[in-house]
Amino acid sequence: MTNPILPGATLGVLGSGQLGRMFAIAARRLGYRVHIYSPDVDTPAGQVADQEFSAPYDDLEQLAEFARSVDVVTFEFENVPAAVTDCIQRHCPVYPSGYVLSVAQNRIREKSTLRDAGLAVPDFREVTSAEELHAAVSDLCVPSVVKSALGGYDGKGQAVVHHPDQVDEIWATLATEQAILEQFIDFECELSVVGARNSQGEFVHYGPFRNAHTNHILDVTVCPSGLPVDVNERAISAARRVFECLDVVGVLCVELFVTKEGQILINEIAPRPHNSGHLTIDAHKTCQFEQQVRAICGLPLGDAGQHADAAMANILGDLWNDADPCWQALLACDVKLHLYGKTEARVGRKMGHITALADSIMDADKAVRAARECLLNK
Ligand code: AMP
């Protein structure tokens with residue numbers, strides 16, 4: 001067993017968005033220093049870090065300098081080439097491992113690995129040409145969902161095939177060399193389980209969280225899920241098996257569909273804290289970001305117990321319209337506001353989130369939605 005990395009040490013993060021920001025806040029509260037690496041400047045994470053390295057991900061010299069300046073590295077953005085983790089690993093440990101990253105980065109590898117480990121995933125086919133997509137669509141039938149194998153998020157790089165006639169146009173629009181065609185799941189709801197595991201094999205989990213999306217972007221999360229105990233337990237047990245079969249050290253989120261028949265299918269995994277876990281900052285004894293610090297440092301994991309029913313609503317750039325949102329109106333509500341320090345508001349861009357605690361998830365859900373509406377007050 002390696003020695004734990006104790007407060008006072010320096011933690012490195014690849015990626016500089018809001019996940020890195022909330023990680024850095026949790027790490028600094030525990031007395032760590034934080035260095036951030038991304039191609040950008042004045043970033044959400046860089047603003048609250050001790051040092052911001054601004055260089056391209058393929059600048060191996062800068063990466064090595066960054067790696068030499070820290071005791072351990074983790075991710076908030078997982079779509080980095082394998083060469084990046086290889087380079088960093090020569091200087092310090094990286095969690096989750098390059099292997100976990102490589103599985104999560106490619107939707108074909110991800111679904112095949114999970115299926116081969118005996119976990120339930122939607123039926124799928126690999127496609128590398130319009131001809132193969134035609135064949136896969138006639139195999140899996142319509143509707144079905146095609147996604148580029150690499151790089152997609154928040155519904156980007158994917159399309160629903162409603163009719164075989166659409167195949168050529170969809171393939172041309174995807175403009176990819178490798179894609180996955182998945183059976184369309186007419187799900188009852190979407191869940192996620194965020195978990196953390198340290199190098200000693202200790203595992204904790206939250207949720208499941210119940211997630212509602214709008215335009216493929218997470219809109220509102222509630223916890224607890226409000227679903228029957230056996231559904232929750234099966235979701236958690238699927239997540240635990242993902243951690244074990246990939247030997248994950250760090251934080252990882254497993255996104256799941258609950259079908260109308262009550263079956264649990266894994267949609268995808270994200271090898272880092274997740275948007276659905278943001279409510280853990282206000283609603284749980286130890287938040288997902290503190291668990292990430294503890295897990296990558298080889299420390300005991302924190303109590304993941306929940307204080308009260310909770311809901312989280314995302315604040316997207318869409319709310320900026322002509323004027324800034326009315327923060328005073330929101331701050332008069334009994335909710336918690338988290339903003340990510342992004343200077344430019346764009347449609348669909350995650351700018352912040354709101355959390356509410358209440359006696360029921362229904363009340364918490366109402367409270368975050370009502371508070372968000374207040375942002376439109378003139
Ligand atoms: P993903 O990028 O794979 O997380 O997909 C984004 C969203 O698209 C999911 O949260 C679902 O709402 C929807 N989606 C993805 N895959 C499927 C599927 N196979 N069947 C139905 N809906 C899907």
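Heavy atoms only: backbone and side chains are in, while hydrogens, waters and symmetry mates are out. What you see is a predicted model, and the numbers here were worked out from it, not measured in a lab. Numbering of ligands and ligand atoms starts at 1, following listing order.
- With 3.5 Å as the limit, one finds no donor-acceptor pair spanning the side chains of Asp282 and His307.
- Counting atoms of ligand 1 from 1 in the listed order, those under 4.0 Å from a heavy atom of His216 are 7 (C), 8 (O).
- Residue contacts with ligand 1, taken as heavy atom pairs separated by less than 4.0 Å, do not involve Asn211 at all.
- Listed by atom number, the atoms of ligand 1 under 4.0 Å from Ile185 heavy atoms are 18 (C), 20 (N), 21 (C).
- In the vicinity of Phe257, heavy-atom distances shorter than 4.0 Å reach the ligand 1 atoms 11 (C), 14 (N), 15 (C), 16 (N), 17 (C), 18 (C), 23 (C).
- Heavy-atom proximity to Glu255, at under 4.0 Å, picks out these atoms of ligand 1: 4 (O).
- Ligand 1 does not have Lys156 within reach: every non-hydrogen atom of the residue lies 4.0 Å or more from it.
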Can you give the donor-acceptor pairs under 3.5 Å from side chains of residues 159-167 to other protein atoms, not counting sequence neighbours?
unit_1	atom_1	unit_2	atom_2	d
His163	ND1	Asp165	N	3.0
Gln166	OE1	His162	N	2.6
Gln166	OE1	His163	N	2.8

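- Comparing Glu268, Glu182, Gln158, Arg107 against atom 5 (O) of ligand 1, the shortest heavy-atom distance belongs to Gln158.
- Using a 30° and 60° split on the angle between ring planes, His278 and Tyr340 fall in the perpendicular class, above 60°.
- In the model, Thr85 has no side-chain atom that pairs as donor or acceptor with a side-chain atom of Gln89 under 3.5 Å.
- Taken to the nearest 0.5 Å, the CG atom of Leu63 stands 10.5 Å off from the CZ atom of Arg68.
- With atom 12 (O) of ligand 1 as the reference point, the heavy atom nearest to it among Glu110, His213, Glu190 is part of Glu190.
- Taking CZ from Phe124 and CD1 from Ile108, the interatomic distance works out to 6.5 Å, rounded to the nearest 0.5 Å.
- Contact annotation: for Gln183 versus ligand 1, heavy atoms closer than 4.0 Å belong to the backbone alone.
- For Phe66, the ring pair (Phe, Tyr, Trp, His ring centres under 6.0 Å) partners at least two apart in sequence or on another chain are Tyr37, Phe53.
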